[in-house]
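What follows is a short report on a single structure.
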Amino acid sequence: MLEGAEIWITGGSGFIGSNICKILTKKPIKNLICFENKRVAEPSILRLDHRVNQVLLDFGNSQHLKWLRDTPTFTKPNYLLLVGWGSTGNPDLNLHQTENVASVVEFFEAVPKTSLRKVIFFGSIDEYGRRLGQINENDIPLPPFTSYAIGKAVAGKKLAELASKHKVSFQHCQISNVYGPGQREETLLPQIRKASSFKFSGESYFRDYIFVDDLIN
């Protein structure tokens, strides 16, 4: 399915994104372009190897997005993976509902659609709020919600509507706690690994984890 494919990904230098890129470069794809949302004056392109380019641009800058639409450097993507999301370490920041939603939606709007087969948006299990136990896709989320969870849910809905408008297949993955190589040191599992002792909050508190390679595969 990926043979000869053109793949664009946002957040390719992050924890999940970098692991996705590592696996994709082992597949028979044609090209992989990793986009990073940065406050840069001008967009820039860095060739990492013969099939991989890294592009730095400001997703909130209309001129940068026009450059993305108009530049002949890029071939049109077949698959778009929307992984990047700013300030994930602080779920209460209001920017999750404002800047982050606007950035991912405006970036998607700027992406050429003529060859696009599928869009995958990486959401979060946090979108279900305080719901506990086994969660099914059709379960109604329960408040309270963090700003991060609200932003992810709003972005997912907007992207689904845009994908439908452009007749592009869309998948919204509401992923649970991901662990593996490249994980931030302040997250729970790396802390446990380093600690000589660790106090848990009680038997009523639990998390389901997924290994990053299992998520990607």
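The structure displayed is predicted, hence computed values, not measured ones.
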Report summary line: Correct closest heavy-atom pair for Phe15 and Tyr179 would be CZ-C, 3.5 Å
Report task. Locate the shortest heavy-atom distance separating Ile9 from Cys21; write the atom from each residue and the value. Result -> CG2-SG, 4.0 Å
Query raised in the report: Please walk me through it: do Val119 and Ser169 pass side chain to side chain contact (heavy atoms under 4.5 Å, CB included)?
Result: CA-CA 6 Å; Val119 178; Ser169 176; over 6 Å; no
Set of residues satisfying ring pair (Phe, Tyr, Trp, His ring centres under 6.0 Å) with respect to [X], sequence neighbours excluded:
{"X": "Phe121", "answer": "His172"}
{"X": "Phe122", "answer": "none"}
{"X": "Tyr79", "answer": "none"}

If we only count heavy atoms from C-beta on, is the [X] to [Y] side-chain gap below 4.5 Å?
{"X": "Val55", "Y": "Leu57", "value": "yes"}
{"X": "Ile7", "Y": "Asn78", "value": "no"}
{"X": "Ile216", "Y": "Val212", "value": "yes"}
{"X": "Ile120", "Y": "Cys173", "value": "yes"}
{"X": "Leu80", "Y": "Leu116", "value": "yes"}
{"X": "Lys118", "Y": "Val168", "value": "no"}
{"X": "Thr98", "Y": "Val101", "value": "no"}

Report summary line: Residues at least two apart in sequence or cross-chain that pass side chain to side chain contact (heavy atoms under 4.5 Å, CB included) with Asp49, listed by chain then number, are Arg51, Val52
Query raised in the report: Does Leu162 have any side chain to side chain contact (heavy atoms under 4.5 Å, CB included) partners at least two apart in sequence or in another chain, and if so, which?
Result: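 Scan of Leu162 (side chain to side chain contact (heavy atoms under 4.5 Å, CB included), adjacent residues dropped) gives Val105, Phe108, Glu109.
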Report task. State which residues pass side-chain hydrogen bond (donor to acceptor under 3.5 Å, both in side chains) with Asn31; sequence neighbours excluded, sorted by chain then number. Result ->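 Result, side-chain hydrogen bond (donor to acceptor under 3.5 Å, both in side chains) vs Asn31: Glu6.
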Query raised in the report: Phe35 vs Trp8 aromatic rings, parallel, tilted or perpendicular, using cut-offs 30° and 60°?
Result: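 Ring orientation of Phe35 relative to Trp8: tilted.
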**Report entry** Pair Leu215-Ile16, side chain to side chain contact (heavy atoms under 4.5 Å, CB included): steps then yes or no
**Finding:** CA-CA 9 Å; Leu215 167 67; Ile16 295 176; 4.1 Å; yes
For the pair [X] (side chain) and [Y] (backbone), establish whether a donor and an acceptor sit closer than 3.5 Å, ignoring hydrogens and angles.
{"X": "Thr10", "Y": "Val83", "result": "yes"}
{"X": "Ser18", "Y": "Gly14", "result": "yes"}
{"X": "Glu36", "Y": "Ser13", "result": "yes"}
{"X": "Asn53", "Y": "Ile33", "result": "no"}
{"X": "Ser164", "Y": "Glu161", "result": "no"}
{"X": "Asn19", "Y": "Pro181", "result": "yes"}

Query raised in the report: Looking at residues at least two apart in the chain, or sitting in another chain, which of them share a salt bridge (charged side-chain N to carboxylate O under 4.0 Å, His left out) with Lys66?
Result: Asp70
Query raised in the report: How would you list, by chain and number, every residue that makes a salt bridge (charged side-chain N to carboxylate O under 4.0 Å, His left out) with Arg39, sequence neighbours excluded?
Result: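 Arg39 satisfies salt bridge (charged side-chain N to carboxylate O under 4.0 Å, His left out) with Asp58, Glu99 only.
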Query raised in the report: Is it the case that one hydrophobic cluster holds both Leu56 and Leu81, taking links as side-chain heavy atoms less than 4.5 Å apart, direct or via other members?
Result: no
Rounded to the nearest 0.5 Å, how far apart are [atom1] of [X] and [atom2] of [Y]?
{"X": "Ile20", "Y": "Asp213", "atom1": "CD1", "atom2": "CG", "value": "10.5 Å"}
{"X": "Phe145", "Y": "Arg130", "atom1": "CZ", "atom2": "CZ", "value": "11.0 Å"}
{"X": "Glu42", "Y": "His64", "atom1": "CD", "atom2": "NE2", "value": "5.5 Å"}

Query raised in the report: If you link I, L, V, M, F, W and Y whenever their side-chain heavy atoms are under 4.5 Å apart, who else ends up in the same group as Ile140?
Result: none
Query raised in the report: Under a single-linkage rule joining Ile, Leu, Val, Met, Phe, Trp and Tyr whose side-chain heavy atoms are separated by less than 4.5 Å, which residues share a cluster with Ile135?
Result: Ile125, Tyr128
**Report entry** Polar side chain donor-acceptor pair, Ser124 to Gln174, under 3.5 angstrom
**Finding:**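 There is no such pair between these side chains.
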Query raised in the report: Does the side chain to side chain contact (heavy atoms under 4.5 Å, CB included) test come out yes or no for His96 and Trp85, once each step is laid out?
Result: CA-CA 8 Å; His96 292 297; Trp85 193 266; 3.1 Å; yes
Please tabulate, one pair per line, all N/O donor-acceptor pairs under 3.5 Å involving side-chain atoms of residues 86-95, not counting sequence neighbours.
{"residue": "Thr88", "atom": "OG1", "partner": "Arg184", "partner atom": "NH1", "Å": "3.4"}
{"residue": "Asn90", "atom": "OD1", "partner": "Asp92", "partner atom": "N", "Å": "3.2"}

Query raised in the report: Can you tell me if NZ on Lys158 sees more than 12 non-hydrogen neighbours from other groups inside 6.0 Å?
Result: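 Incorrect, the count does not exceed 12.
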Requested in this report: Return each pair, listed once, that meets side-chain hydrogen bond (donor to acceptor under 3.5 Å, both in side chains) where at least one residue sits in residues 139-152; pairs must be two or more places apart or across chains.
Outcome: Gln97-Ser147
